[in-house]
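All residue numbers refer to positions in the sequence shown, counting from 1.
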Amino acid sequence: MMQLANPMWLWGLLGLAVPLAIHLLSRKEGKVIKVGSLRHLADSTTRQFQSVKLNELLLLALRSVLILTVVALLAGLLLRSSASLPKWVVVDRGAEQHNEIGRIIDSLTNNDYELRYLEQWFPLPKDTISEEQTPNHWFLAEQLGEAKISEAVVFTRAYMYGFKGKRPPKPDHIMWFDVPFKPVSLPVVSVVEGDSIWEVSEQPDEEFTEFTTRSADAKGSITVEIPIEKVVIVSDEEHSYDAKVLETALLVLNDLPGFRMDIQSESATFFSANEEAVVFWLASAAAPALENDFVFMEEATSDDLLVQLSPRQWQLTKRLNKRVVLEDRLIVELSKFFDTELPLMAESDRRTMPEAWRWSKVVPAEVDVDNKTTNYADINQWLVVLLVLTLVIERLVAWRRGQ
């Protein structure tokens, strides 16, 4: 079966009329020679005339093949290959150690499935160990959808913080399964606030990560002391809601034991710099040159919500709203910025993304799953060879005919 990548070039077949016109217009009348008597002429067969006629038809055929070959190259002619596309079983690193998942993987690999890891470029187990801690599931889902495979079975822990960026539609030839949740033992962190010592522990599961704070003895636990941070939120009327969302997120951090912030809000019009404060600039006007730790908002295409541009300058890449707070983990990103203990606990976050939230319900009309899962052979190199050979033969025949 054939497939055309650019069928619009089939209009080029109208060019077949060109060699036909050349063939018809180049037929010459026989040369008239006056002789005195027919008795001096000998009979001859029509073989020579037939040969001339045959050569002209050969030129017509060669020139038609040239045009057909050029059109096939431009249209991107593909032939369905008899070779089947590979099948993958794709897993998070370490998921294959789970007893139940390991048995399923063994069964699939025995049925010609190839084991890959759920990371960029989907490395084989024998490849170099990746340093990537949490894969971006939505980005990898799009890569899997574009990969030349007939089908894939994915086993993932589906942690909520592993879903970043644009929510894609679920590819029909890919099946996703969650690795069963395994309870973990997490460390206890003690923080010091004045003369008080607070012990913070967490109990994660698939739906919630519960933090518990109580007064405790610091012996045998990790003890940290965090100073008070001064924070100034600068905004204009257009970004007033962003400023409210940011202030609410900062107040959540302010409730952490041992971490305190002095939060102030100012208008961009009347802003006065404070060298000791961390400045969040949420305004359309250009920010002044500051020596402070400085965060400004400018929308950009990035998987990261907070991007560090220099030692003292960061960029917020999205406008702030409820969706950004939940999906992009605004509070956790801010806690990393302020270097609190919350990021350490966030690494133990075991909440999973619900199946109903994972995929876009809108499937683009141009998506052709059957075409993506069909193995086509690229014959462009053979078409180029045919084009060159045909051109050489056509020129030789034309030279012999004097055309």
Identified ring-ring contact (aromatic ring centres under 6.0 Å, His included) counterpart of W88 within the set F122, Y113, F155
F122
Going by ring-ring contact (aromatic ring centres under 6.0 Å, His included), name the residues that satisfy it together with Y241, two or more places apart in sequence or in a different chain.
none
Which residues pass the ring-ring contact (aromatic ring centres under 6.0 Å, His included) test with W9, not counting sequence neighbours?
none
Please, which pairs that meet side-chain hydrogen bond (donor to acceptor under 3.5 Å, both in side chains) have at least one residue in residues 96-110, sequence neighbours excluded?
E96-Y117
Partners of K87 by side-chain hydrogen bond (donor to acceptor under 3.5 Å, both in side chains), sequence neighbours excluded?
none
Inspect the contact between K336 and E333 and indicate whether a charged nitrogen and a carboxylate oxygen are less than 4.0 angstrom apart.
yes
Of all residues at least two apart in sequence or in a different chain, which pass the side-chain hydrogen bond (donor to acceptor under 3.5 Å, both in side chains) check with R116?
E114
Under the side-chain hydrogen bond (donor to acceptor under 3.5 Å, both in side chains) test, residues paired with D303 that sit two or more places apart:
N136
Identify, with sequence neighbours excluded, every residue that meets side chain to side chain contact (heavy atoms under 4.5 Å, CB included) alongside L20.
L24, L60
With sequence neighbours excluded, what pairs up with N380 under the side-chain hydrogen bond (donor to acceptor under 3.5 Å, both in side chains) test?
D378
With sequence neighbours excluded, give me every ring pair (Phe, Tyr, Trp, His ring centres under 6.0 Å) pair touching residues 283-330.
W314-F337
By side chain to side chain contact (heavy atoms under 4.5 Å, CB included) - contacts of L326 (at least two apart)
none
Residues 287-297 vs salt bridge (charged side-chain N to carboxylate O under 4.0 Å, His left out), sequence neighbours excluded, gives D293-R312
Taking the inter-plane angle between the rings of F338 and F280 on a 0 to 90° scale, is it parallel (under 30°), tilted (30 to 60°) or perpendicular (over 60°)?
tilted
What heavy-atom pair brings V234 and A268 nearest, and what distance separates the two atoms?
CG1-CA, 3.5 Å
Applying ring-ring contact (aromatic ring centres under 6.0 Å, His included), can you list everything that pairs with F271, at least two apart in sequence or on another chain?
W281
Check E299 with K318, please: is the shortest side-chain N to carboxylate O separation under 4.0 Å?
no
